[in-house]
Amino acid sequence: MEFTTGLFYVFAAIMVLAALQVITTKNPVYAALFLVLAFFNAAGIWMLLKAEFLAIVLVLVYVGAVMVLFLFVVMMLDINVDRMREGFWGYLPVASAIGALIVLEMGAVLYRAYNMTELSPEAAALNIGGTKELGLLIYTKYIYGFEIAAVVLLVGIIAAVALTLRKRKDAKAIDPAVAVRVKRNDRLRIVKMDAVNQRALDAASGEAAAQAAPAAPAAPAAPKETP
């Protein structure tokens, strides 16, 4: 067995175990950290395939940005994990069927790619990780798929904002339409009041306080010292 083949099996085994821990661990922070480990091992497999650009993008974008954001959100929000796991066993059959379908589709794609004889392994390895080749393929042959993926991500962002946007009772906010339609009589009211002599009121309150206060008891005389 070659050294690169052994590294592939090590990376693949660690990635599969980390992915299983992502969906089985109870702590969401640990799940996010296991997902980071899975991404690192996937980047190692890309490096073995001489796809350096994809490996660097996976580490910088997903590990360095997306997963850090996930960790901040998970740690700052008060997530009720027990409530989220109440329907785990109910969704397990559907999730297992979808997972099996995805595995079959990936197997079909890999089997077809394995049997392709259009390019030699050396030529395919040279054209996998190049930025220029990827850019030409994405923006020419796969431009519609790239745009559809961008739209799907935009829809996901809008859906996440719509689902997490909640109206709080203690939030202070105003309706601009109501503020524009406001009138003078709604904000200002003139009340007529009689004139008040503040000095007389202060003097009367001082006299009442003096009369209400009890007289202070006299201090006892000090005893005389005998020689």
Side-chain angles (χ1 to χ4, degrees), residues 7-49 51 53-116 124 128-129 134 137-138 141-166:
L7 285 179
F8 169 77
Y9 284 116
V10 171
F11 287 146
I14 297 176
M15 185 172 64
V16 171
L17 293 176
L20 290 175
Q21 290 294 325
V22 170
I23 62 177
T24 56
T25 186
K26 295 182 178 180
N27 195 330
V29 177
Y30 291 163
L33 293 176
F34 277 118
L35 188 56
V36 170
L37 179 61
F39 283 155
F40 270 113
N41 286 275
I45 293 176
W46 281 117
M47 291 293 290
L48 292 178
L49 294 174
F53 176 75
L54 295 178
I56 293 173
V57 168
L58 184 61
V59 173
L60 293 180
V61 176
Y62 286 94
V63 178
V66 177
M67 289 311 305
V68 172
L69 180 61
F70 283 175
L71 283 175
F72 276 121
V73 171
V74 168
M75 289 187 291
M76 287 189 297
L77 294 181
D78 188 12
I79 301 176
N80 191 356
V81 181
D82 296 332
R83 184 178 179 183
M84 293 175 59
R85 291 182 174 273
E86 287 179 355
F88 176 78
W89 297 107
Y91 297 119
L92 184 60
V94 179
S96 301
I98 295 175
L101 180 61
I102 294 174
V103 170
L104 292 176
E105 291 178 351
M106 293 179 63
V109 171
L110 294 176
Y111 180 76
R112 182 175 180 274
Y114 183 77
N115 292 330
M116 289 178 63
I128 285 179
L134 288 174
L137 287 176
I138 290 174
K141 185 178 180 180
Y142 300 103
I143 182 63
Y144 294 111
F146 182 76
E147 292 179 353
I148 291 172
V151 173
V152 170
L153 291 176
L154 179 61
V155 172
I157 294 172
I158 296 173
V161 173
L163 291 174
T164 56
L165 184 63
R166 299 182 180 90

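To the nearest 0.5 Å, atoms CE (M47) and CG (L54) are separated by 11.0 Å. One finds the CH2 atom of W46 at 13.5 Å from the CD1 atom of I56 (value rounded to the nearest 0.5 Å). Going from atom CD1 of I148 over to atom CD1 of I143 covers 10.5 Å, rounded to the nearest 0.5 Å. Note that CG of L101 is 4.5 Å distant from CD of E105, once rounded to the nearest 0.5 Å.
Looking at every heavy atom in both residues, V63 comes nearest to F40 through CG1-CE1, 3.6 Å. Scanning both residues, M15 and A42, for their nearest heavy atoms gives SD-CB, 3.6 Å. The shortest heavy-atom contact between A18 and F34 is CB-O, 3.5 Å. Listed here is the closest heavy atom pair of A43 and L58: N-CD2, 3.5 Å.
No option in V36, L37, L35 other than L35 meets the side chain to side chain contact (heavy atoms under 4.5 Å, CB included) test with V22.
Remark: Y62 engages F39 in a ring pair (Phe, Tyr, Trp, His ring centres under 6.0 Å) (not counting sequence neighbours).
Panel note: side chain T24, backbone L20; a donor-acceptor pair is recorded below 3.5 Å.
I45 places none of its side-chain heavy atoms less than 4.5 Å from the side chain of N41.
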